[in-house]
Amino acid sequence: MSADETRTTQPDCDVVVVGAGFAGIYALWRARQRGLRARGFERASDVGGTWFWNAYPGARCDVESYNYAYFFDPEIVREWDWSDACAAQDEIQRYLRFVAERCDVVKDITFDTKVLSARYDETAGLWSIRTSGGETVVCRYAILAIGALSDPKAPDIEGVNEFAGEAYYTSSWPKDGSAVLHGKRVGVIGTGSSGVQAIPEIAKIASEVFVFQRTANYVTPTRAGPMDPKLVAALRKDPQATRRAFRDTYGGHIPLDMGSERFSELDDSGRERALLKAWAGNYIALAFRDAYLPEANAAISEFIRQRMGEQVTDLWTAEHLVPWDHPYGGKRPCQSDVYLQAFNQPHVHLIALTETPIERIVPGGITTTAETIPLDVIVYATGFDAISGPVFAIDILGMKGQSMKDTWADGPVNYLGTMVQGFPNLFLPSSAMSPSVLSNMATLAEQQIDFIFDTIEWLDQHGRPRLHPRPESQRHWREETLRYAERRPGALTTKSWYSGANIPGKPRVFMVYCGGFQRYNETCYAELERGFPGYEVMGSP
Ligand code: N01
């Protein structure tokens, strides 16, 4: 350790914020509002987080833009006009740049700089943050706004480095236009949300497209299209009320129309009627008031499978594009109006890896157990080491030199999805055991950053310098997360990245709190109102 790294007696600033996506930008603004000195670090060359990196063809938000946005500043809400109900990646990145400039936080951010380590000095009660730029910054609070899906999964396929053609990742698509796929033979590996969005766009320009699908996914129609001016006007009328209303829902978004009838009380024709109505209304997952029941979920899953199959002309392709091995919601469902139809074109081919697995990548293409498919380009849409991956990418040492990697060796533990015992004043928004990807991430970013800064304000007001959760609070929170996961059809039985199943050797722990946004928000603020009984509040007043 250099002399510079041990210099922790005086803070250089109050807060270090790592990451400049939705949470990071808002955190820097909240710090400014509280009169705290803040530094931001971002590994990309601009703001945007996820929306900076995932610039693949077809990338677009499948949560509607009018609620996948900030609501803390009424002027921002009124000034920004979305061009589509589900904005594309470049528009969301432009929006985040607009907000960062509007809040004047760009000057606080050091770009093109990775945070390498975070070390807690127990005597001084301060964090030392070391960056790839050779800087060490000492601070009172560290906020790792690094996102849940920012650490791409390395493809676990033999021969990856032997491919002689071009290879691209959806998670770091070149922004300089250098990925030219026109007239080429393109192989796409992966059919999660990224692959499903990218494949139809690639099919527009490539001469042949080979889709290497290991697991078929549920694909339902998008809600993309023109904005509803009446809805926009209603949301803009009182942005603070809108913000509160979002936080009082299960998913942290505009209140949704839920089926008015119960699956358990309907006969077959009533169920079919409710499913058709929900399909037309776009929220098939909420077709019934008791859609959480396994039998209701099974009916929804079967209904979607039928609708999916109807869109594909070739029988074998239709059968293989339909998911049979997990219920709807077990994996993150995809949305597209054009994905399934893309397979009706003669130059788009489905390779079902369940029948003919990939053996290896060879210089000229991909070899499956049936054949070698010659390719000019391979696109990896193979996902992320979700939630714990980005945390492990930073070498974090807390009290008594305890490392985050050891603390999370059996899977993530924390309290209220933001703080880990033994790591005082280190905050992890969008991380494990929060509603994260099962909620509206934009609403969650604002809620968690609000809770973090309200916590900091409480500490300052009570003259207490730091806090961290009690071990029993963490145990309780993990049990709570598991309890809610048990009620979610398919959560614990499906191989998904929600529980780390996409990464060989990763501990299987369901990492998303599915008790609902409203309950999550209320639980966080109940802690604050009761003076943080679930935490050890440290230092004398
Ligand atoms: O990643 P994924 P993603 N051989 O993990 C396959 C968010 N998002 O980037 O299912 C062959 O879902 C893997 O197969 P399997 C969203 O939260 C949001 O698509 O493991 N295949 C799977 O098909 C989403 O959930 C938007 O059997 C291999 C695919 O690769 C999250 O990002 C848009 C393989 C990975 O799918 C991640 O989505 C896009 C191998 N060795 C993404 N390894 C919005 O619209 C992996 N696969 C908001």
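Counting convention: from 1, in listed order, for ligands and their atoms alike.
- Expressed to the nearest 0.5 Å, how far CG of Leu428 lies from OG of Ser388 amounts to 11.5 Å.
- Ring geometry for Tyr26 versus Tyr70: interplanar angle of 30 to 60°, hence tilted.
- Aromatic ring orientation, Tyr520 versus Tyr513: tilted (interplanar angle from 30° to 60°).
- Near ligand 1, Tyr56, Arg60, Cys61, Asp62, Leu149, Lys153, Asp156, Ile157, Ile189, Gly190, Thr191, Gly192, Ser193, Ser194, Gln197, Arg214, Thr215, Lys331, Arg332, Leu353, Ala381, Thr382, Gly383, Phe384, Trp497 each place a heavy atom less than 4.0 angstrom from the ligand.
- Using a 4.5 Å cut-off on side-chain heavy atoms (C-beta onward), Tyr328 and Phe303 make no contact.
- In this structure, Tyr95 and Trp80 have perpendicular ring planes: the angle between them is above 60°, well past the 30° mark.
- Side-chain contact between Phe71 and Arg247 is absent, with no heavy-atom pair separated by less than 4.5 Å.
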